[in-house]
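One structure is given below, encoded as structure tokens.
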Amino acid sequence: LVAKWLEDKKETTTLHGKITLGTLIIQDVFAIVALTVLNVLQEKAMIQIILAPFKGLLLILLGILLARYILNRPLRFASKYPELLFVFSLGICFLFVEIAPLLGYSGTIGAFIAGVTLANTIYKNDILVRLKPLIIFFNMLFFVGLGFQMDFELNLSFILLVLLLLGVCFVVKPLISYLTFKNRGYDLKSSFISSIHLAQFSEFGIIIIGQGVFTGVIGKEMTSIAITTVILSMIISSYFIKYDTKLFIVVEKQLRFIDRFFRKRKIYNTVMERGANIIFFGYYDLSKELYRKFEVMGKKVVVIENDPENIELLKKENIPYLYHSASNPEFFNHFQCDAAELVVSSLLDLDENRSIIEHVKKINSGAVVIATAKNIRDSLALYEANADYVIYPMLVNEQHVSVLLEDYTTDINKVIGKKIMEIARLKEREQKQKQTVEENKFLDIDNFMEMTLLKEPLKVIKKTFKGGKE
């Protein structure tokens, strides 16, 4: 539900969108761990309890083998025939659903690993297109099944318990999330909106409760309470997500009071010096050549960013930056743009872009302001707010394709040259991100698996397949 909201609002690439989706993925991982523990509790023999984690690693290893070395070839053949791709993908799902119980795990865990396996193949987009109608259909059946399981009496204790859980959902959980994000160094608005998006109870919660009832750890009466709470949390949180910016405005003063008790985890530049000629709001992948051109022209560039990861990239490139957020009203009290010739905003928030335009034009009416919009309505609103130019990503993509087609009809070498430059730029960006991740001690899933118990098996597998290719 949250992912769908972010997609519909075109906020998946925003800072709070990335925080929310990343947190949800981690929650799913912990849910899988919880289901695993519940399965282990069913075992009575000590040897089975000891072997349970190794069986789980074996299931994960099977997914890695299929995704990396086996599935791509048959999927390449199946992709030529839509019906075959549909049936083959379902076959992989049912394969894991059948194998998981043999290793002592529930079919739910098997289905989850099957989805992760298919998502790590190069044909994941084709598979998603074919399976999407079926996914929607089974989502409907999932909620129909929840309705069948709801057998309760509306007594006072039932209502009080549901209200208590909803209080945890919409007060305690967002508060913990907000404090965690603030402690990680994220700005006020991103932390608040991310915590609001993460307020609801997950569908996985119902699955965990159901598994707990099945194993006898939880009483049967908790099933109806859990289903009622999850459904109500989904309904209420949908309005929270829809009006997240308005909610932030309502509680902003209280949040700023709480914000005084937080200290920055890292020392970033938070004071803007005078004399900046080109100002970017949001990290732009400025190539070294472009930045050198600005330097040769005698232009001073400053990037205003509120994402700690992008700040690390800017520090690595020695690009002047300011760690701040346009959503903070205090920022504009010290915003120096009297020497600005060009101001470019990659932010998608309409109110933030309006504030930028208003303050820049008020201080320096001669500055050119370029803003970014996530839809046509916002584009027109920004033009009305006196923006000099508005970037609408979908329209830019269409214009880019039009230019490529024109080059293709006149000179194919131009297209090839652009392709080579684009590949080089993307590889350079990827390398920068990898270096930043390593310096900040974050691990991707491949490195994580190689540093765990799967280290030696993966080495053997890699050598075997490498030898086979040779």
Side-chain angles (χ1 to χ4, degrees), residues 9-11 13-17 186-193 242-257 259 268-284 286 294 299-307 310-311 314 320-393 395-396:
K9 294 175 72 177
K10 295 180 174 62
E11 294 179 353
T13 58
T14 61
L15 178 57
H16 67 264
Y186 293 105
D187 67 285
L188 200 72
K189 187 174 183 180
S190 298
S191 300
F192 175 78
I193 293 180
K242 184 177 182 179
Y243 301 108
D244 52 7
T245 304
K246 294 181 179 179
L247 284 172
F248 174 73
I249 294 172
V250 171
V251 300
E252 185 175 3
K253 289 183 179 179
Q254 291 77 11
L255 292 176
R256 296 207 178 280
F257 177 77
D259 194 45
Y268 292 137
N269 182 25
T270 56
V271 180
M272 186 171 182
E273 298 178 358
R274 290 182 178 272
N277 306 117
I278 300 172
I279 302 173
F280 289 96
F281 281 86
Y283 174 69
Y284 265 74
L286 297 172
F294 287 139
K299 306 298 181 182
K300 184 178 179 181
V301 180
V302 173
V303 179
I304 300 171
E305 179 58 69
N306 63 343
D307 187 346
N310 288 337
I311 289 290
L314 291 168
Y321 68 89
L322 180 67
Y323 182 63
H324 231 301
S325 173
S327 63
N328 187 348
E330 297 178 2
F331 164 71
F332 291 104
N333 295 334
H334 309 283
F335 180 50
Q336 307 292 339
C337 64
D338 48 340
E341 300 172 14
L342 175 65
V343 178
V344 183
S345 171
S346 65
L347 308 177
L348 294 177
D349 188 276
L350 178 60
D351 294 330
E352 291 181 5
N353 279 321
R354 279 175 171 166
S355 298
I356 292 169
I357 296 168
E358 178 186 348
H359 284 81
V360 171
K361 292 295 184 181
K362 184 179 179 181
I363 298 172
N364 184 358
S365 59
V368 176
V369 181
I370 301 175
T372 307
K374 59 184 177 182
N375 53 48
I376 296 174
R377 183 181 61 184
D378 287 2
S379 300
L380 296 174
L382 290 173
Y383 277 122
E384 290 177 2
N386 205 21
D388 293 289
Y389 189 77
V390 177
I391 301 172
Y392 178 37
L395 182 60
V396 171

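Numbering starts at 1 and runs along the sequence shown. On a predicted model such as this, the values are computed, not experimentally measured, just so you know.
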Within a strict 4.5 Å, meaning less than it, do heavy atoms of the Phe248 and Lys189 side chains meet?
yes
Can you confirm whether more than 12 heavy atoms, excluding those of Ile363, are under 6.0 Å from its CD1 atom?
yes
Option among Leu350, Leu347, Leu348, Thr14 that satisfies the side-chain contact (heavy atoms from CB on, under 4.5 Å) test with Lys374:
Leu348
Nearest heavy-atom approach of His16 to Ser190 is CB-O, 3.9 Å
Glu11 and Asp349, any side-chain heavy atoms less than 4.5 Å apart:
no
Closest non-hydrogen atom pair, Arg354 against Ala381
NH2-CB, 3.6 Å
Where do Ile356 and Ser345 come nearest, in terms of heavy atoms and distance?
CD1-OG, 3.9 Å
Starting from the C-alpha separation in whole Å, work towards a yes-or-no answer on side-chain contact (heavy atoms from CB on, under 4.5 Å) for Asn353 and Phe281.
CA-CA 9 Å; Asn353 279 321; Phe281 281 86; over 6 Å; no
Before accepting this row, confirm whether a basic side-chain N of the pair Asp351/Lys246 lies closer than 4.0 Å to the acidic partner's carboxylate O.
no
Within the distance-only criterion (no hydrogens, no angle test), does the side chain of Tyr383 pair as donor or acceptor with the backbone N or O of Val390 below 3.5 angstrom?
yes
Hey, does Asn364 have a side-chain heavy atom less than 4.5 Å from the side chain of Val343?
no
Heavy atoms only: give me the nearest Ser346-Thr372 pair and the separation to one decimal.
CA-OG1, 3.4 Å
Test item: Asn277 side-chain N/O and Lys300 main-chain N/O as donor-acceptor pair under 3.5 Å:
yes
Where is the tightest heavy-atom contact between Ala340 and Ala367, given as atom of each residue plus distance?
O-CB, 3.5 Å
Would you call Lys9 and Asp244 a salt bridge, using N to O less than 4.0 angstrom?
yes
Qualifying residue for side-chain contact (heavy atoms from CB on, under 4.5 Å) with Phe280, from Val303, Leu322, Val302
Val303
Could you grab the distance from atom OH of Tyr243 to atom CD1 of Ile249, nearest 0.5 Å is fine?
13.5 Å
Can you measure from CG (Leu247) to CD (Glu252) and round to the nearest 0.5 angstrom?
12.5 Å
What distance do Ile370 atom CD1 and Leu382 atom CG have between them, rounded to the nearest 0.5 Å?
12.5 Å
Reported OG1-to-CD1 distance for the pair Thr245 and Ile193, which is rounded to 0.5 angstrom:
4.5 Å
Give the C-alpha distance, both sets of side-chain angles, the deciding distance and a yes or no for side-chain contact (heavy atoms from CB on, under 4.5 Å) between Val368 and Tyr389.
CA-CA 8 Å; Val368 176; Tyr389 189 77; over 6 Å; no
Is it the case that the side chain of Ser365 and the backbone of Lys361 share a donor-acceptor pair, with hydrogens and angles ignored and the cut-off at 3.5 Å?
no
